[in-house]
A.B. asks: 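Before we start, here is the structure in question, set down as structure tokens.
The structure displayed is predicted, hence computed values, not measured ones. Just so you know, these numbers use all the heavy atoms, side chains as well, and skip hydrogens, waters and symmetry mates.
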Amino acid sequence: MLKKAFLALFIYTVAGGAHAQAPSPDEVKQALYDRYAISQSAGQLRNALQTEVAVGPCVPQGSQYQCQIDNKALGTSIPMIFDFDPSTKKWKYVREIRN
């Protein structure tokens, strides 16, 4: 019984810790790509994300993270919310914050 409790606690800790850190800039860009890519323009989007988008600091917002996304070409900056999906082990775009 004690082994099962320890194993359950270990699994919970590992699963919970999987997204304890903020997403990296590459993970944020992948989440944006996953959200917006369509087969016709996927290459253009990937290129734009690599060359024209910068990811600023990501700060915790409860279980999610708010990251500052800078569009170099337009000179704009938009805060966006990302959440870790443990089933796919990837960060997912949730929404952008509009003023």
A.B. asks: Does the side chain of I81 come within less than 4.5 Å of E96's, by heavy atoms?
C.D. replies: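 Counting from C-beta outward, E96 and I81 never come under 4.5 Å.
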
A.B. asks: Any link between L49 and I78 through a network of hydrophobic side chains (Ile, Leu, Val, Met, Phe, Trp, Tyr) touching at under 4.5 Å?
C.D. replies: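 Shared cluster, yes.
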
A.B. asks: Less than 4.5 Å apart, any side-chain heavy atom of C67 and any of P57?
C.D. replies: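 No - every pair of side-chain heavy atoms lies 4.5 Å or more apart.
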
A.B. asks: Under 4.5 Å between any side-chain heavy atoms of I69 and V53, yes or no?
C.D. replies: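 They are in contact (side-chain heavy atoms under 4.5 Å apart), so the answer is yes.
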
A.B. asks: Under the 3.5 angstrom rule, does the side chain of D85 hit a backbone N or O of S87 as a donor-acceptor pair?
C.D. replies: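 A pair under 3.5 Å: yes.
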
A.B. asks: Test Q66 against I97 for side chain to side chain contact (heavy atoms under 4.5 Å, CB included), laying out the working first.
C.D. replies: CA-CA 9 Å; Q66 176 181 322; I97 299 173; 3.4 Å; yes

A.B. asks: So T76 and N71, side-chain hydrogen bond (donor to acceptor under 3.5 Å, both in side chains) or not? Walk me through it.
C.D. replies: CA-CA 5 Å; T76 60; N71 184 323; 4.6 Å; no

A.B. asks: Please report the shortest heavy-atom distance between L32 and L45, naming the atom on each side.
C.D. replies: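 For L32 and L45, the tightest heavy-atom pair comes out as O-CD2, 4.5 Å.
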
A.B. asks: Let me check something: do V94 and Y65 share a hydrophobic cluster, defined by ILVMFWY side-chain heavy atoms less than 4.5 Å apart, either directly or through other members?
C.D. replies: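 Each belongs to a different hydrophobic cluster.
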
A.B. asks: Give me the atom names and distance for the closest heavy-atom approach of Q21 to W91.
C.D. replies: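 Smallest heavy-atom distance, with atoms named: O-CZ2, 3.3 Å.
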
A.B. asks: Is E27 paired with K29 through a side-chain N to carboxylate O contact shorter than 4.0 Å?
C.D. replies: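 Not counted as a salt bridge, because no side-chain N and carboxylate O are separated by less than 4.0 Å.
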
A.B. asks: Do F82 and V28 touch side chain to side chain, with heavy atoms closer than 4.5 Å?
C.D. replies: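 F82 reaches V28 side chain to side chain.
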
A.B. asks: How many angstroms lie between atom CZ of R98 and atom CE of M80, to the nearest 0.5 angstrom?
C.D. replies: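 Reported to 0.5 Å precision, the distance equals 8.0 Å.
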
A.B. asks: Could you report the tightest heavy-atom contact between D83 and S63, atom names first, then the distance?
C.D. replies: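 That closest heavy-atom pairing would be OD1-O, 3.6 Å.
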
A.B. asks: Supply the atom-to-atom distance R46 CZ to Y36 OH, rounded to the nearest 0.5 angstrom.
C.D. replies: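 Reported to 0.5 Å precision, the distance equals 15.5 Å.
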
A.B. asks: Side-chain contact test, heavy atoms from C-beta onward, threshold under 4.5 Å: evaluate it for F84 versus K90 and give yes or no.
C.D. replies: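 Side chain of F84 against side chain of K90, heavy atoms only: no contact under 4.5 Å found.
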
A.B. asks: What's the verdict on side-chain hydrogen bond (donor to acceptor under 3.5 Å, both in side chains) for Q30 and D26, showing C-alpha distance, side-chain angles and the deciding distance?
C.D. replies: CA-CA 6 Å; Q30 182 63 48; D26 287 337; over 6 Å; no

A.B. asks: Give me the atom names and distance for the closest heavy-atom approach of D70 to S77.
C.D. replies: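 It is OD1-OG, 2.6 Å.
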
